[in-house]
Amino acid sequence: MSSHVEEICTDLFRIEIPLPDTPLKYLNSYIVRSPDRNLIIDTGFNSRVCLDAMRNGLETLKIDLSRTDIFITHFHADHISLVPELRTPSTCIYFNRPETELLGNWQGIGQLFANAPKYGFPESDLLSMMDGHPGSKFEVKWATESKILSEGDILNYGDYRFICIETPGHTPGHICLYEPDKKILISGDHILNEITPNILSWIDGYNPLKLYFRSLDRVRELDVNMVLPGHRSIFSNLKQRCDELQQHHMERLEEILDILERGAQTGFDIASKMSWDIPASGWDDFPLVQKWFATGEALAHIFCLEEEGKVCRHLNRDVYQFRRI
């Protein structure tokens with residue numbers, strides 16, 4: 001398979017890695033090429049189509065993997081799971097601490113589903129869904145040492161000097177890379193252009209939407225001329241896009257409050273009544289995996305409203321029901 005390779009700036013390239021059968025369509029893998037060492041930023045699924053596209057792109061750019069390091073913005077399978085196929089004995093893998101610890105304790109995709117029934121997700125659908133979930137189809141096999149990066153750490157490759165900015169929300173340890181001299185932000189899945197990053201939670205006490213709002217504020221005022229996202233198109237209007245994303249989630253919060261005017265409901269029921277940009281005639285026609293992501297996103301917003309004192313819950317036959325206060 002041929003790869004779409006684009007030079008963005010001098011010695012900074014984008015390889016388009018296809019993600020078949022997903023709404024994301026493709027991953028943007030960014031490559032910094034230098035005479036000393038190269039850097040790959042995000043990789044793709046551990047599938048043949050992704051690996052072929054990556055290898056063809058690297059061959060086009062004449063990238064020697066023995067002189068190449070890898071930075072991963074966050075632990076989702078479409079960003080991380082090709083690492084074992086690309087690493088060599090000399091490769092340095094850069095990653096964040098929260099997700100290194102999560103992967104170190106990883107017991108398989110089933111642990112993600114343990115809480116789902118108590119939020120109303122039908123147990124009968126969980127086993128059917130496992131085979132179609134990206135985390136199961138392209139499971140991360142993380143058995144490699146990584147160099148932990150944190151806020152303010154710097155990566156120097158060629159003429160590029162990237163500063164690490166911690167941006168939790170989409171995932172607990174998400175990191176963006178900021179190049180202040182060239183005014184470039186590599187945003188991973190923190191900020192996307194044509195689509196909105198998925199913010200979801202299935203864990204009581206974990207409020208990723210609150211973290212996401214803070215992370216939007218953190219990057220909004222950066223001096224940036226070009227944003228390089230993990231998916232879809234490169235763009236320039238960082239401040240405007242941050243405001244649009246914040247407004248999107250504020251409208252989601254209001255939508256849930258309106259839905260709860262009809263009475264107490266489970267997280268699954270609330271998700272079924274929300275508006276979604278998915279090509280289906282109705283909730284019953286949603287693919288199971290999309291119902292999973294939609295319910296997780298609904299819960300992230302519900303948990304945020306709970307913390308703000310606008311929503312409360314009660315347990316009814318081992319299932320939580322939420323109501324507006």
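Side chains are part of it too, since the values below use all heavy atoms of this structure and drop only hydrogens, waters and symmetry mates. Everything numeric in this text was worked out from a predicted model, so none of it was measured.
Note on ring orientation: taking the six-membered ring where Trp is involved, the planes of H74 and H79 are tilted (angle from 30° to 60°).
Using a distance-only test at 3.5 Å, with no hydrogens or angles considered, a donor-acceptor pair links the side chain of S29 to the main chain of D42. In this structure, the side chain of Y30 does not engage the main chain of L39 through any donor-acceptor pair within 3.5 Å. Not a single donor-acceptor pair under 3.5 Å links the side chain of D243 to the backbone N or O of Q240. Using a distance-only test at 3.5 Å, with no hydrogens or angles considered, no donor-acceptor pair links the side chain of R161 to the main chain of P180. Of the possible donor and acceptor atoms, none in the side chain of E306 sits under 3.5 Å from a partner among the backbone N and O of K310. Judged purely by atom type and a 3.5 angstrom limit, R323 has no side-chain atom pairing as donor or acceptor with the backbone of L260. Between the side chain of S201 and the main chain of Y206, a donor-acceptor pair closer than 3.5 Å is present. In terms of modelled atom types and a separation under 3.5 Å, the side chain of E99 and the main chain of G173 share a donor-acceptor contact. Formation of a donor-acceptor pair under 3.5 Å by the E255 side chain with backbone atoms of M274 is not found in this model. A donor-acceptor pair is defined here as one N or O able to donate and one able to accept, closer than 3.5 Å; no such pair exists between the side chain of Q321 and the backbone of T266.
Ion pairing between R218 and E151 holds under the 4.0 Å rule for side-chain N and carboxylate O. Ionic pairing of R37 and D69 is present here: one or more N-O contacts between side-chain nitrogen and carboxylate oxygen are shorter than 4.0 angstrom.
Residue Y119 forms a ring-ring contact (aromatic ring centres under 6.0 Å, His included) with just one option from F268, F303, F113, and that option is F303. The residue from P168, C304, P197 that alone fulfils the side chain to side chain contact (heavy atoms under 4.5 Å, CB included) condition with Y212 is P197.
Annotation: cation-pi geometry not satisfied between K291 and F121 (NZ/CZ under 6.0 angstrom from ring centroid, within 45° of ring axis).
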Original post:
What's the verdict on ring-ring contact (aromatic ring centres under 6.0 Å, His included) for H76 and H174, showing C-alpha distance, side-chain angles and the deciding distance?
Top reply: CA-CA 10 Å; H76 285 162; H174 193 291; 8.7 Å; no
**OP:** Show the numbers, then the answer: is there a ring-ring contact (aromatic ring centres under 6.0 Å, His included) between F286 and F293?
**Re:** CA-CA 11 Å; F286 273 38; F293 286 122; over 10 Å; no
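For the atom pair CZ of R14 and CD1 of I31, the computed distance is 11.5 Å after rounding to the nearest 0.5 Å. Expressed to the nearest 0.5 Å, how far CG of L24 lies from CD1 of I17 amounts to 13.5 Å. Rounded to the nearest 0.5 angstrom, D204 CG and Y320 OH are separated by 5.0 Å. A distance of 5.5 Å separates CD1 in I175 from CD in E166, rounded to the nearest 0.5 Å. Annotation: the span from L27 atom CG to F45 atom CZ amounts to 9.0 Å, rounded to 0.5 Å.
A donor atom on one side chain and an acceptor atom on the other are found under 3.5 Å apart for D64 and S66. Side-chain atoms of N193 and R232 include no donor-acceptor pair closer than 3.5 Å.
With a 4.5 Å cut-off on side-chain heavy atoms, H231 and L19 count as touching. Side-chain atoms of I80 and F95, non-hydrogen and from C-beta on, do get closer than 4.5 Å to each other. Contact check for F75 versus T171: side-chain heavy atoms found under the 4.5 Å cut-off. Between Q290 and P23 there is a side-chain heavy-atom pair separated by less than 4.5 Å. Residues C164 and Y94 have side chains not in contact (no heavy-atom distance under 4.5 Å, counting atoms from C-beta outward). Two residues are said to be in side-chain contact when any heavy atoms from C-beta on lie closer than 4.5 Å; L177 and I41 meet this criterion.
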